[in-house]
Trainee: 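Attaching a single structure in structure tokens format; questions to follow.
Sequential numbering from 1 along the given sequence is applied to the chain's residues.
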Amino acid sequence: MLRLREDELPPELILSIERILDLHAQADTDPLDTLTNDFNPLGVLNDYFPNEAALGQLEAVQARLAENERALQSEIDSLREELRRDQDPSRMQLIQEMISDLLGQMSRIREKATESEAVVRNITKEIQVLDLAKKNLILSMTTLKRLQMLVNALGQLEDQIKERKYHDIVQSLAAVKQISASFKPYTSVQRIAQLWRRIQEIQSELRTMIDADWDKFYMQDPAKPIKPSVIADACLVVDVLGPEVRNQFVDRYVALELKEYRRIFRATDEAGQLDNLSRRFAWFRRLLQTHETEQGRVFPADWKVGWFLTAKFIEITRDDMTALLSKAGSKLTVKQLLDTLQETLEFESSITRKFGTSLHELLKATTPPNATRPLKPITSAFEPHMGVYIDAQDKVLSDMLSQYRGPKSRSSLEATSTSGASDDDAAPPVLVLPSSTELFYFYAQTLDQCAKLFTGQPLYDLCGLFKKWLRIYAEEVLVASMKKPSSLARKSMDARYDVSELKNACTLINTADYCQTTALELEENIRAKCDEAFKEQITLQDERDLFVSAISAAILVMLRELDAACDSALNQLARTPWATVKHVSGQSAYVEPLVKAIEEVAETVKPLVEQKKYLRNFFDKAANAVLAKFTTALVKSRPLLETGAEQLLIDLQAIKACLLKIPGDALITSNYTKSVTKHTTRLEALLKVIVTPVDPAEGFILNYTLVIGDASFSNFQKILDLKGTPKAAQNDLLDSFLTITSTKNELESTSFLSSLDMDPGQVSTLTSPGSSRVSLLPGGTAGESLLAALSPPPIAGAPSSGSETPPKQDQSSRREVFSDFKRFVSFGLRRETMPG
């Protein structure tokens, strides 16, 4: 903390002074009346003299300030005089004496009050003793009166017990128990202890007497018949004896009722086997009916003896079922399992309807407080053995899909796709394979059946079975049907595309899309039906991904057929002798069959694929594949010469128009248009450079740098090779190219020509679905790599189609004129052999 200056006052002192003098800063307060250590005289002077004209009032201001100073000094003097008078020593001594006298008076008052309290206590002492004696006397009289009442009630109760008057015993016993509860603190008194023991003995006698009468009533002894009304009153006495006695009484009755059930339906006897489960339930229904019409009527309704009887029957039967199912082991058939389980479910449903409450609530209400295990329904015994049911469904699915799997699956797919057309040409095409709808219909039925039985582990195991066969259907039915046998491979360059292949691929796309969409609904349905503990573990995402992969494989088949359809026309282009073409005369002969083949493939697939997104994906990749094959054929047909390049420009416009037209208004997108346009624009740039005459060389080279935009030695040489420039002329042009571009630092070292393959060989054929997949995401496919040389930089915000050119280097980096040592040596040799 900074030390205060000598002329500064502490803030605490300033606050104290303001509080004593009642100084409160306000908007109109004179700054001179405010206590602060931050006083700024400049601000006060500016208030008095806001401008130069105010300086004329200087003398008036001085006079006013002098007057204020005198008034303040006068006030200070008067305050000092008043303070001096108040601080007179004699006056202070007088005040201290008065305070001392006041303290003395307070001490004397306190002493008098203590004395008065003692006097009052002595006066009321005898009265307090009398009050306590009165209170004890009243308590004693009340206790003795209650004791007399207890003795009289106990005597009356003993007389009623001798005469077995249960109806009267109910009230007497309740009164005895209620009165005796107040004597529990006095059991140390001998007389009270005797009465307490006698009460316990009477309750024991009552229990024994009621049990004996109940046995006579239950056994229906004709020599000593017991009326139901007597037992009904006895049950009321049991209710008074307490819940523990009542529970024991009910358990005893339940044990007697089910004693015969245990004997008849032993698990080791024939009657106790799984096949006779319905007999168990029929026996218990008869027992329950007898209970309600005969013995059960004597029990109070709130005892719910029927609930306890049912709960015990369920417990015994469940234990028997557990032992029988475990004993059956592998011999247990799914029919036997489901039949017995269905009978059990029907029985449990009937119990729920009969008592108007769920079985879970019934078992919970009848579970003893000290039970070691909770009561469960009979169906819980079947849950560990539901694997038999799951295995049976596995076999059914295997039989269902066996005709679609294996080496013959291809022919069956073709039969499904073409059977309608062979019988009736007007029949609509098969858009989705019936096997997929059959599969999911079976799934729905099985799921509903299992969910009605169990919603725990069995349902989760069934979900695992569903996942298994979804994988098999995706891989061994859909994808496997698209693997073309090698014996059917096309051997002729003039081979046409297979229309049935295209139709089958479209059907498989629709089927796979249906499967992956329905699989999501199936997942949501399973999650809605299963227990909470399994909800997070249920997912079919991996299986849905397999169907997406199947769609990719089907699109690859479609691209393969498009490749075959274009082969004949593009092979004609590759064999064209451009040196013999003297003038341009409209479109070339190969363009019309090429455009027709593309349009036929497009018109074949468009009405057969239901989802537009897959058609858009196919057209994106088809356009890239066609332009890639066109580029390859163009390279193979070199030398092009100026006339050939000019002719190819006309042909390219027709192909571009065809590619932009085939999707139609409903499917074409801006990204598709941009993709086709950017690839054809690069091809046009390539051909325009070839059209340009090489003489003069400077104009030809400058046109290259403007259109292509790079200073690559190898790229320029590619142009010369395509153009058909003689080797001798190429050397001079290459030297001039190096000389001119060495001074143009703004040129890039690479361009779209850098990846152009000048020796492509045979036009690549798309691989089979068994070994490659077409990604449904924006990216490259087989055949698109040929377009890498013609791909511009990706458009911002739009997905790219095909391989892109390498990223541009930073213009600040050094541009390499010679990419390798061999080119540098050849350039030096040419310089040395040039005429001087």
Side-chain angles (χ1 to χ4, degrees), residues 562-563 565-602 619 622-663 668 672-695 699-700 703-704 706-709 718-725 751-753 756-758 760 763 783 786-787 789-792 802:
L562 176 63
D563 181 271
C566 298
D567 269 346
S568 177
L570 291 176
N571 286 335
Q572 183 180 350
L573 165 62
R575 294 191 297 268
T576 301
W578 297 111
T580 62
V581 178
K582 301 303 181 182
H583 59 276
V584 177
S585 59
Q587 297 178 0
S588 300
Y590 73 88
V591 174
E592 183 178 354
L594 176 62
V595 170
K596 183 179 179 181
I598 296 172
E599 290 178 346
E600 286 179 355
V601 171
F619 284 128
N624 291 339
V626 169
L627 292 175
K629 291 177 66 65
F630 177 81
T631 304
T632 301
L634 181 151
V635 172
K636 294 178 67 176
S637 67
R638 68 182 187 276
L640 304 179
L641 304 181
E642 288 84 353
T643 306
E646 189 175 354
Q647 179 63 54
L648 286 171
L649 278 172
I650 297 174
D651 299 344
L652 180 61
Q653 293 303 316
I655 296 173
K656 176 182 178 181
C658 172
L659 293 177
L660 292 177
K661 185 181 70 174
I662 55 173
I668 196 166
Y672 176 81
T673 304
K674 291 176 182 178
S675 175
V676 173
T677 303
K678 73 182 180 181
H679 289 110
T680 54
T681 300
R682 293 301 174 94
L683 275 173
E684 290 170 0
L686 170 66
L687 295 172
K688 286 178 180 178
V689 172
I690 297 174
V691 168
T692 306
V694 296
D695 187 23
F700 177 70
N703 183 59
Y704 172 87
L706 290 175
V707 177
I708 304 301
K718 291 177 182 179
I719 293 293
L720 297 180
D721 290 343
L722 290 172
K723 191 176 181 65
T725 306
S751 68
F752 62 91
L753 290 178
L756 181 63
D757 186 5
M758 296 299 291
V763 179
L786 295 174
L787 287 176
L790 305 174
S791 301

Trainee: Name the residue from Leu659, Asn624, Val626, Thr631 that meets the side chain to side chain contact (heavy atoms under 4.5 Å, CB included) definition with His679.
Mentor: Asn624
Trainee: Would you find a donor on one side and an acceptor on the other, under 3.5 Å apart, between the side chain of Thr692 and the backbone of Lys688?
Mentor: yes
Trainee: How many angstroms lie between CD in Glu646 and NE2 in His583, if you round to the nearest 0.5 Å?
Mentor: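 Going from CD on Glu646 over to NE2 on His583, the span is 11.0 Å.
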Trainee: Under 3.5 Å, is there a donor-acceptor pair between the Glu684 and Gln653 side chains?
Mentor: yes
Trainee: Give the intermediate values and the outcome of side-chain contact (heavy atoms from CB on, under 4.5 Å) for residues Leu753 and Leu756.
Mentor: CA-CA 5 Å; Leu753 290 178; Leu756 181 63; 4.0 Å; yes
Trainee: Is there a side-chain contact between Thr677 and Lys656 (heavy atoms, below 4.5 Å)?
Mentor: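 They are in side-chain contact.
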Trainee: For Thr643 and Trp578, which I'm curious about, is there any donor-acceptor pair between the side chains at under 3.5 Å?
Mentor: no
Trainee: Quick check for you: to the nearest 0.5 Å, what is the distance between Asn571 atom CG and Ser637 atom OG?
Mentor: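 Interatomic distance, Asn571 CG to Ser637 OG, rounded to 0.5 Å: 11.5 Å.
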Trainee: Can you tell me how far the CG atom of Leu594 sits from the CG atom of Leu570, to the nearest 0.5 Å?
Mentor: 5.0 Å
Trainee: Are Lys661 and Glu599 close enough, and set up right, to give a side-chain contact (heavy atoms from CB on, under 4.5 Å), and what steps lead you there?
Mentor: CA-CA 9 Å; Lys661 185 181 70 174; Glu599 290 178 346; 2.9 Å; yes
Trainee: Hydrogens and angles aside, do Asp651 and Tyr590 bring a side-chain donor and acceptor to less than 3.5 Å of each other?
Mentor: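 Side chains of Asp651 and Tyr590: pair found under 3.5 Å.
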Trainee: If I compare all heavy atoms of Ala597 with all of Ala565, which pair ends up nearest, and what's the gap?
Mentor: CB-O, 3.4 Å
Trainee: Calculate, to the nearest 0.5 Å, the distance between atoms CD1 and OG1 belonging to Ile655 and Thr680 respectively.
Mentor: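 OG1 of Thr680 is found 10.5 Å from CD1 of Ile655.
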Trainee: Given side-chain contact (heavy atoms from CB on, under 4.5 Å), test Ile668 with Phe619 step by step and report yes or no.
Mentor: CA-CA 9 Å; Ile668 196 166; Phe619 284 128; over 6 Å; no
Trainee: Looking at Ile650, Leu649, Leu722, which hits side chain to side chain contact (heavy atoms under 4.5 Å, CB included) with Leu687?
Mentor: Leu649
Trainee: Assess whether atom CD of Glu592 is packed by more than 12 heavy atoms of other residues, nucleotides or ligands within 6.0 Å.
Mentor: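 No, CD of Glu592 has 12 or fewer neighbouring heavy atoms, counting only those of other groups under 6.0 Å.
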Trainee: Could you measure the distance from the CG atom of Leu573 to the NZ atom of Lys629? Nearest 0.5 Å is fine.
Mentor: 11.0 Å
Trainee: Apply the test side-chain contact (heavy atoms from CB on, under 4.5 Å) to residues Ser588 and Thr576: give CA-CA distance (whole Å), side-chain angles for both, the deciding distance (0.1 Å), then the verdict.
Mentor: CA-CA 10 Å; Ser588 300; Thr576 301; over 6 Å; no
Trainee: Just wondering, do Glu642 and Lys723 contact through their side chains at under 4.5 Å, heavy atoms?
Mentor: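 Yes; the side chains approach each other to less than 4.5 Å.
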Trainee: Do Ile719 and Phe700 have side chains that get closer than 4.5 Å, going by heavy atoms?
Mentor: yes
Trainee: How many angstroms lie between atom CD1 of Ile690 and atom CZ of Arg638, to the nearest 0.5 angstrom?
Mentor: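 Reported to 0.5 Å precision, the distance equals 10.5 Å.
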